[in-house]
Peer 1: 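The structure under discussion is supplied below as structure tokens; questions concerning it will follow.
Positions are given from 1, in the same order as the sequence printed here. Just so it is clear, the model here is predicted, and its values are computed rather than measured.
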Amino acid sequence: MARDLDEEIDPALEELVRGIIGQVADKWTMLILEELEARGTLRFTELGRHVGGISQKMLTKTLRDMERDGLVSRTVHPVIPPHVDYTLTDLGHSLGEAFCGVWIWAEKHHATIEAARAAFAGRVG
């Protein structure tokens, strides 16, 4: 998004944008977003199993960050053992839609990127 160099940027907005980009650029956030988009509401353990390779500590941290930013909602069911569900909020769904464009771009340019990587590896390696 191009901005006029003379246009003043609201520091609060800039901080928000940088924070959101930093969070969603994190692979775990994107993988959790993808799983919840595809599967709907999931229990904590189910989500960890579907994401794969994520520690319980990182799953907890990432979900808390996503809940803090309004991307997921957390529902605790008062049963024994505790049962906690996570689902995307409307805001979370809209973020998924925004990043859908990145997937479409990657699919469209996949062969070109692979060719560039191979050419680079041939020059460097």
Side-chain angles (χ1 to χ4, degrees):
M1 179 163 131
R3 291 177 101 23
D4 183 349
L5 293 177
D6 294 331
E7 186 178 344
E8 187 173 323
I9 299 172
D10 178 357
L13 179 58
E14 183 175 10
E15 182 180 336
L16 174 66
V17 169
R18 287 177 185 265
I20 295 292
I21 289 171
Q23 180 183 344
V24 298
D26 169 72
K27 76 175 183 178
W28 297 124
T29 299
M30 290 310 300
L31 291 173
I32 291 168
L33 188 75
E34 182 180 2
E35 288 300 328
L36 290 174
E37 186 69 54
R39 300 175 191 279
T41 301
L42 290 172
R43 286 185 174 186
F44 180 87
T45 53
E46 292 174 317
L47 189 51
R49 191 171 43 252
H50 288 298
V51 169
I54 188 170
S55 69
Q56 185 172 350
K57 181 179 177 180
M58 183 55 69
L59 180 59
T60 298
K61 179 192 178 317
T62 306
L63 285 167
R64 283 185 182 162
D65 289 347
M66 293 175 75
E67 183 181 9
R68 177 199 66 213
D69 290 340
L71 302 175
V72 297
S73 64
R74 177 178 185 262
T75 304
V76 179
H77 300 277
V79 296
I80 298 180
H83 171 137
V84 180
D85 288 333
Y86 291 90
T87 191
L88 288 179
T89 62
D90 289 343
L91 186 62
H93 285 290
S94 70
L95 179 62
E97 291 169 5
F99 275 89
C100 184
V102 174
W103 287 95
I104 293 167
W105 178 88
E107 182 178 35
K108 180 179 178 182
H109 298 289
H110 182 256
T112 305
I113 294 167
E114 289 301 319
R117 288 178 175 175
F120 180 81
R123 289 191 315 268
V124 173

Peer 1: Would you say R74 and F44 make side-chain contact, with heavy atoms under 4.5 Å?
Peer 2: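 No, side chains not in contact.
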
Peer 1: Answer yes or no: is there a side-chain heavy-atom contact under 4.5 Å between D65 and L71?
Peer 2: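 D65 does not reach L71 side chain to side chain.
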
Peer 1: When rounded to the nearest 0.5 angstrom, what distance separates OG in S73 from CG in L91?
Peer 2: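 Here the rounded value is 11.5 Å.
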
Peer 1: Roughly how far apart are H77 NE2 and R43 CZ, rounded to 0.5 Å?
Peer 2: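 If I round to the nearest 0.5 Å, the distance is 8.0 Å.
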
Peer 1: Tell me if the CD atom of E114 is crowded by more than 12 foreign heavy atoms within 6.0 Å.
Peer 2: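 Counting neighbours around CD of E114, more than 12 heavy atoms of other residues, nucleotides or ligands fall under 6.0 Å, so yes.
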
Peer 1: Which residue is it: I54, V51, T62? I am looking for the one with a side chain to side chain contact (heavy atoms under 4.5 Å, CB included) to L31.
Peer 2: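 That would be V51; it is the only one of I54, V51, T62 passing the side chain to side chain contact (heavy atoms under 4.5 Å, CB included) with L31.
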
Peer 1: Would a single hydrophobic cluster contain both L63 and V76, if residues Ile, Leu, Val, Met, Phe, Trp and Tyr are joined by side-chain heavy-atom contacts under 4.5 Å?
Peer 2: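 In one cluster: yes.
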
Peer 1: Do R117 and F120 touch side chain to side chain, with heavy atoms closer than 4.5 Å?
Peer 2: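 No, too far: nothing below the 4.5 Å cut-off.
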
Peer 1: Please tell me whether I113 and M30 are part of a single hydrophobic cluster in this structure, the criterion being side-chain heavy atoms less than 4.5 Å apart.
Peer 2: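 As far as the 4.5 Å side-chain criterion goes, M30 and I113 are not connected within one cluster.
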
Peer 1: My understanding is that only residues two or more places apart in sequence, or in another chain, count here; which of them pass side-chain hydrogen bond (donor to acceptor under 3.5 Å, both in side chains) with S94?
Peer 2: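 For S94, no residue satisfies side-chain hydrogen bond (donor to acceptor under 3.5 Å, both in side chains) once neighbours in sequence are set aside.
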
Peer 1: Distance check, rounded to the nearest 0.5 Å: Q56 atom CD versus M58 atom CE?
Peer 2: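 It is 12.5 Å, given to the nearest 0.5 Å.
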
Peer 1: Mind checking salt bridge (Lys or Arg N to Asp or Glu O under 4.0 Å) for E14 and listing every partner two or more places apart, or none if nothing turns up?
Peer 2: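 Testing E14 for salt bridge (Lys or Arg N to Asp or Glu O under 4.0 Å), a comparison that skips the adjacent residues, returns R18.
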
Peer 1: Exactly one of L42, T87, T41 should register a side chain to side chain contact (heavy atoms under 4.5 Å, CB included) with L36. Which one does?
Peer 2: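 For L36, the side chain to side chain contact (heavy atoms under 4.5 Å, CB included) test succeeds with only one of L42, T87, T41, which is L42.
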
Peer 1: Going by side chain to side chain donor-acceptor pair (under 3.5 Å), name the pairs with one or both residues in residues 44-54, residues two or more places apart or in two chains.
Peer 2: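 Qualifying pairs: R39-H50.
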
Peer 1: Roughly how far, to the nearest 0.5 Å, is CD of E37 from CD1 of I32?
Peer 2: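 Nearest 0.5 Å value for the CD1-CD distance: 14.0 Å.
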
Peer 1: Could you grab the distance from atom CD of E35 to atom CG of L88, nearest 0.5 Å is fine?
Peer 2: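 E35 atom CD to L88 atom CG measures 11.0 Å (nearest 0.5 Å).
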
Peer 1: Shared ILVMFWY cluster between W105 and L33, side chains joined below 4.5 angstrom?
Peer 2: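 Not linked; separate clusters.
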
